[in-house]
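For reference, the structure is listed below as structure tokens.
So that the names make sense, note that chain A is the first sequence line, chain B the second, and so on, each numbered from 1.
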Amino acid sequence: MRRYGRVFREFFRACFVEEMEYRSEFFGNFAASFFGVGMALLTVHIFFYQTDDLGGWTYAEVLVLLGIFNMLRGFIDFALRPNMPRLLEHVRRGTLDYILTKPVDSMFYVSFRHLVFWRLIDVALGLGVIGYGLYIERYVPSAVDVLMFLVVMAASLLLIYSLWMMLMTTSFWVVRIDDLSFIFDSFFETARFPGSMYRGAVRMVITYVLPAVLITNTPALALLGKWSVSTVLAALAVAILFLWLARRFWRFALRFYTGAGG
Amino acid sequence: MVIRVSHLHKSFRVHRREAGWLEAVRSLWRRDYRIVEAVKDVSFTIEKGEIVGFLGPNGAGKTTTMKMLAGLLHPTSGEITVGGFVPFEQKAEFKKMMSLVMGQKSQLIWDIPPMETFLVNKAIYDIDDRSFRQTLEELTELLDLAPLLDKPTRSLSLGQRMRCELAAALLHRPQVLFLDEPTIGLDVHTQENVRRFIVDYNREHETTILLTSHYMGDVAALCDRVMIINYGRLIYDGELSVLTEKLAPYKRLEVRFSRLPNISWDEYGEVAEMEEGTVVLRVARETAAGTAARLLERFDVRDINIEDPPLEEVITRAFQEGVYGS
């Protein structure tokens with residue numbers, strides 16, 4: 001485990017150097033992130049001109065949700081998104097062979113080799129929005145709230161990682177689509193709002209089949225003190241189940257790639 | 001013995017499709033598959049410290065075999081052990097004792113200096129600081145890397161990049177090295193350097209090396225032993241010199257005259273080439289020296305040269321005729 005920590009740090013360092021090589025426009029990106037969050041806030045604000053609640057959530061609660069959404073999206077853009085097109089490249093060009101000869105878990109390697117560190121700005125901004133939401137709501141989370149929040153947040157990250165990984169793994173077969181991430185995005189966008197806002201079949205799908213709503217809603221509710229032990233345990237169980245599935249799928253894909261029983 | 005391969009088979013299922021629109025559409029739901037046997041019943045062993053050349057035309061099964069040895073492909077049947085490991089189990093210990101360099105594919109990070117890739121590999125292979133420094137120092141000297149280490153990889157020439165690739169692959173001191181076309185695309189001078197490095201490194205560390213190459217020069221310079229594979233079958237495994245004698249029981253006699261005599265050459269040998277004052281004869285090995293002497297005696301010879309036929313010619317004959325059959 002500690003070795004993986006070191007490898008991750010090394011990936012981060014190499015990416016930092018790579019980023020600096022192009023003197024990536026840190027401030028430009030910073031401004032863009034700010035603008036993105038500003039627009040999202042404005043949208044929520046406009047909604048609340050018309051109504052006092054959105055699927056049972058108050059303005060401040062929706063802000064907390066938005067903050068969490070922004071944080072999670074920051075994590076995706078930081079560690080996951082940069083790796084998707086590279087895996088396609090590796091499969092297409094055969095450089096995946098190099099990765100498979102390395103004494104490090106290949107799934108770990110392909111998902112974290114490329115990191116875009118300045119995307120962590122979005123995580124920080126998300127935290128800011130959460131703080132603002134809590135301030136308006138005049139709610140100070142208790143230690144237990146925070147603990148529960150951390151647990152479900154970890155579960156959400158695992159869940160996102162697993163869903164993303166499963167999508168990424170399809171590149172062993174779908175080598176012609178350059179960027180599969182739009183599929184993920186269109187589904188993840190639904191997590192921006194309270195799940196209770198959606199109706200009927202859509203709500204069923206994004207709650208149970210592709211648990212987008214679960215990913216953002218449960219951490220927000222936990223931080224607002226509206227958690228229950230059963231929800232927290234359920235979130236953890238779902239996360240572990242999906243991680244297991246993603247792992248199985250990756251192994252299956254590798255067996256296909258290496259011609260073992262495929 | 002480090003590498004042992006017995007009765008290795010590999011077959012692929014290949015999707016076959018006729019050209020054309022209709023066929024393309026039809027193949028959406030009905031696919032015809034064909035089984036291609038890439039490697040058939042290949043067996044060999046390689047001892048520690050050997051450099052073995054693996055030869056064969058494109059698609060003969062060289063790379064497929066090498067990939068199975070490196071644990072990247074699962075054999076259809078047969079057994080492989082490399083350093084006591086079964087490659088396809090892909091154990092970390094196995095990966096730490098071997099390395100793979102593919103001339104056509106790069107593992108260096110494109111936009112930043114090679115040193116960064118080395119550091120990433122250091123973490124991945126869990127190399128401690130001291131051995132890393134020592135190894136890097138040695139490789140830097142052998143491969144003359146000092147001026148390259150801090151330049152972005154994208155700005156390096158192909159030859160410089162290959163030197164860095166080799167270093168990246170050797171940092172963890174593998175005991176077995178698989179080189180797939182390591183000199184492809186390099187100029188003659190760089191090829192020479194890479195070869196010299198491989199020989200020196202092998203001598204120094206007793207690394208077992210299996211090498212595929214299209215350049216016969218590589219093989220002639222590096223390997224005492226060659227394995228020839230064609231249509232998936234191993235058709236020769238043995239010393240290079242024996243192969244040459246067996247397949248080419250003749251020498252090339254290149255003779256340059258002041259004035260080319262207008263005679264029938266049958267008495268001396270078979271004419272391979274003839275142009276302005278120069279004739280190249282194929283002469284039986286045993287009589288080559290005698291023939292040369294006779295030519296010198298009878299004609300006004302400016303220059304004469306006796307040599308083994310080029311390896312390309314020998315190998316081509318091996319592919320055409322088979323070795324065991326002849």
Side-chain angles (χ1 to χ4, degrees), chain A residues 1-24 82 85-86 89-110 112-116 173 175-176 250-262, chain B residues 10-13 38 63-64 66-76 87-102 104-113 115-127 150 152-155 165 168-169 172 174 176 178 180:
Chain A
M1 218 47 209
R2 270 187 40 215
R3 214 186 107 228
Y4 278 86
R6 274 209 302 281
V7 174
F8 185 80
R9 224 172 45 216
E10 202 52 46
F11 287 168
F12 191 90
R13 198 193 52 76
C15 293
F16 188 82
V17 177
E18 213 172 343
E19 218 43 68
M20 287 300 119
E21 183 65 29
Y22 282 113
R23 291 189 206 169
S24 90
R86 317 260 178 164
E89 275 294 295
H90 284 314
V91 172
R92 202 180 298 169
R93 289 199 188 171
T95 39
L96 188 69
D97 288 348
Y98 278 126
I99 297 171
L100 297 181
T101 60
K102 299 266 186 270
V104 65
D105 186 77
S106 52
M107 182 164 137
F108 170 80
Y109 190 108
V110 300
F112 297 120
R113 169 61 190 81
H114 298 279
L115 306 166
V116 180
W173 297 275
V175 284
R176 302 273 291 273
W250 175 251
R251 289 263 170 83
F252 172 77
L254 279 188
R255 279 209 305 280
F256 166 80
Y257 181 80
T258 55
Chain B
K10 178 72 192 176
S11 46
F12 294 104
R13 209 166 62 132
T63 304
T64 306
M66 201 174 250
K67 280 188 170 182
M68 285 192 276
L69 288 168
L72 294 170
L73 279 179
H74 194 274
T76 307
F88 194 71
E89 289 175 0
Q90 300 182 337
K91 293 219 174 80
E93 293 81 24
F94 166 69
K95 292 175 177 179
K96 283 187 178 183
M97 58 91 55
M98 66 91 166
S99 206
L100 170 71
V101 176
M102 294 176 277
Q104 317 233 43
K105 300 170 192 171
S106 173
Q107 69 158 317
L108 299 171
I109 308 170
W110 186 245
D111 284 320
I112 53 181
M115 189 61 196
E116 305 296 338
T117 307
F118 298 168
L119 287 171
V120 171
N121 275 6
K122 174 181 183 286
I124 286 176
Y125 284 101
D126 209 9
I127 308 168
D150 51 359
T153 301
R154 63 167 189 279
S155 70
E165 293 286 349
H172 62 285
V176 178
F178 298 112
D180 194 12

Portion of [X] that has a non-hydrogen atom of chain A nearer than 4.5 angstrom:
X        : result
B:Ser106 : backbone
B:Pro87  : neither
B:Lys122 : neither
B:Ile109 : side chain
B:Met98  : side chain

Under a 4.0 Å threshold between the charged nitrogen and the carboxylate oxygen, would A:Arg86 count as salt-bridged to A:Glu89?
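Salt bridge flag = no for A:Arg86 with A:Glu89.
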
Under 4.0 Å between a Lys/Arg side-chain N and an Asp/Glu carboxylate O for B:Glu93 and B:Lys91?
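Result for this pair is no, no salt bridge flagged.
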
Is [X] in contact with chain B via its backbone, its side chain, both, or neither, using a 4.5 Å heavy-atom distance?
X       : answer
A:Arg93 : backbone
A:Tyr4  : neither
A:Arg9  : neither

Test side chain to side chain contact (heavy atoms under 4.5 Å, CB included) on B:Lys105 and B:Asp180; report intermediate values, then the result.
CA-CA 10 Å; B:Lys105 300 170 192 171; B:Asp180 194 12; over 6 Å; no

If the condition is ring pair (Phe, Tyr, Trp, His ring centres under 6.0 Å), which residues does A:Tyr98 pass it with, not counting sequence neighbours?
none

In chain order, what residues pass the ring pair (Phe, Tyr, Trp, His ring centres under 6.0 Å) check against A:Phe8, with sequence neighbours excluded?
A:Phe112

Of the listed residues (A:Asp97, A:Thr95, A:Leu96), which shares the most heavy-atom pairs with chain B below a 4.5 Å separation?
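Greatest number of close heavy-atom pairs with chain B: A:Asp97.
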
